[in-house]
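Quick notes on the structure that follows.
What's counted below: heavy atoms across the whole structure, side chains too, no hydrogens, waters or symmetry copies. Every number for a ligand or one of its atoms is a count from 1 in the order of the listing.
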Amino acid sequence: MDTLQQLPKIQYTKIFINNKFVDSVNKKTFPTLNPATGETIADIAEGEKEDIDIAVQAAKTAFSRKSEWRKMAPSERMKLLNKLADLIEQNTTELAALESLDNGKPYKNSLIGDIPGVVSVFRYYAGLCDKYFGKTYPVDGDFLCVSRKEPIGVVGQIIPWNYPLMMLAWKWGPALAAGCTLVLKPAEQTPLTALYAAALSKEAGFPKGVINVVPGYGPTAGAALALHPDVSKVAFTGSTEIGRKMLSYSAQSNLKKVSLELGGKSPLVVFDDVDVDEAVKIAHDALFSNHGQNCCAGSRTFVQAEIYDEFVRKASELAKKKKVGNPFKEDTEQGPQVDQMSINKIIDLINSGVKEGAKLQTGGKRIGNEGYFVEPTVFSDVKDNMRIAKEEIFGPVQSILKFETMDEVIDRANNTEYGLAAGVITKDINRAFEFSQAVRAGSVWINTYNAVTPQAPFGGYKMSGIGRELGPDSLEGYLETKTINMSVPCTH
Ligand code: ADP
């Protein structure tokens, strides 16, 4: 057998509310597809406004004063989060297989990348449950003034399909560490691992109503959650276009807090002092990892003139060698894109690149008609004003641009409405730091790329987002600050 794993059995397909799996109120379902074949994997209960209302009410009750969750000691919350991490770890092969089946990413990547990453995020936030602090303030007057951090309340969380379980962990970890209750809407393309995680959260012992998962579509379930008057914060990861809607939903409803992790068009700058083979490899992984379906993908590869031709040649050779195919085959490096819409957008942008005069070095086409596979594609001679240099492609398409000087490349790197991430490859520490400090981006990677860790913040400048995920910063986004001033007799 050349496949790595038997296809997993689908156990959970319903809405998860109050620690129970239930049908949707309207008994509707929607299919979740296998992107490697285009066939239906399972029909999933389709949540709509009515289901969101029930889920939010469950989360509201779980958050009410004197509830089990509200009274729970932080060290007990820590145990629950660690227990959830343990259960995810114990179910790694099952979760990795579900993730790859639903999303299309190679099984081995889910197994050694996504799922262990999820476990680390939960363990990190387990550790933070009793490590956030208020302050005392030296205020005017005879007062003892302290601040206290309190959970923000019921939160709505809306996540995308590119790293389904990882995005769930980024949202659940800090929310639960802060003591919030939550309703999560997974992406319609990839609901399976979120429902499995819901079942594990019950097994871990979270009280009913603390965690609720409502699968469904964005304009129905997603919008109902973001508009709900009893939701105190919405945490969203997805496109900039829908991120805008989140702010308007907040404005139309109850001015709920909004955190956004949105798109990017991240520059990766390669100076001419590098080992070209090594730089080509870093730049390749920066773009092609997860089939280019990565908000911080290094999708503008700027290469200094001296090494440009050699770099383009080697980058194209590497892309040509990439093994595309069944995510469950051992040697597969790139599986299918997530769905037909995604393929349409990628092919449209590739065609625009050719039309606008970029040089197609390799790839450029869809592979076959079954499933949603695209050839690893490399363009050289890309100019800043071309669509492929400006728009987020979210596919396996590398655009290589030429530059001459530091000042020029800083200006060009920053000439975008996005600001999620950036990278620089050089052996010269002054170049590395000059670029790192000048680039307008939330994360900068030097001589590496995609180095995202649970402990450090991640998020965007400009239209790439509001707020930060991961690290203590994300936890802060789930907390309110209350100032308490007590009159005391004068003591000095
Ligand atoms: P992508 O382009 O990566 O699919 P989207 O921003 O469209 O990103 O989707 C990310 C998440 O936002 C998904 O869970 C999707 O269902 C949800 N979503 C899409 N449209 C809306 C909307 N109008 N209101 C609320 N959520 C939405």
Subject >> Side chain, backbone, both or neither: Phe236 near ligand 1, heavy atoms under 4.0 Å >> reply: side chain
Subject >> Within reach of ligand 1, part of Glu188 (heavy-atom separation under 4.0 Å) >> reply: side chain
Pull out every atom of ligand 1 sitting under 4.0 Å from any heavy atom of [X], numbered as shown with elements.
| X | answer |
| --- | --- |
| Ile158 | 11 (C), 12 (O), 14 (O), 17 (C) |
| Met246 | 24 (N), 25 (C), 26 (N) |
| Lys185 | 14 (O), 15 (C), 16 (O) |
| Lys245 | 23 (N) |
| Ala223 | 24 (N), 25 (C) |

Nearest protein heavy-atom contact for [atom]: which residue, which atom, what distance?
| atom | answer |
| --- | --- |
| atom 4 (O) of ligand 1 | Trp161 NE1, 3.0 Å |
| atom 8 (O) of ligand 1 | Ser239 N, 3.6 Å |
| atom 23 (N) of ligand 1 | Tyr249 OH, 3.0 Å |

Subject >> Shortest heavy-atom approach to atom 27 (C) of ligand 1 - which of Gly218, Cys295, Gly222 >> reply: Gly218
Original post:
Quick one: which of Ile159, Thr240, Ile242 has a heavy atom closest to atom 11 (C) of ligand 1?
Top reply: Ile159
[X] side-chain N/O to [Y] backbone N/O, donor-acceptor pair under 3.5 Å:
| X | Y | answer |
| --- | --- | --- |
| His228 | Ile52 | no |
| Lys257 | Ile152 | no |
| Thr332 | Asn326 | yes |

Original post:
Does at least one non-hydrogen atom of Glu241 fall below 4.0 angstrom from an atom of ligand 1?
Top reply: no
**OP:** Report yes or no: is the cationic atom of Lys233 (NZ for Lys, CZ for Arg) closer than 6.0 Å to the six-membered ring centre of Tyr478, at no more than 45° off its axis?
**Re:** yes
Original post:
Is the cationic atom of Arg70 (NZ for Lys, CZ for Arg) positioned less than 6.0 Å from the six-membered ring centroid of Phe63 and within 45 degrees of its normal?
Top reply: yes
Do other residues, nucleotides or ligands put more than 12 heavy atoms under 6.0 Å from [X] [atom1]?
| X | atom1 | value |
| --- | --- | --- |
| Lys208 | NZ | no |
| Arg244 | CZ | no |
| Arg412 | CZ | yes |

**OP:** To the nearest 0.5 Å, tell me how far Ser24 OG sits from Glu48 CD.
**Re:** 7.0 Å
Subject >> Heavy-atom protein contact below 4.0 Å for atom 18 (N) of ligand 1 >> reply: yes
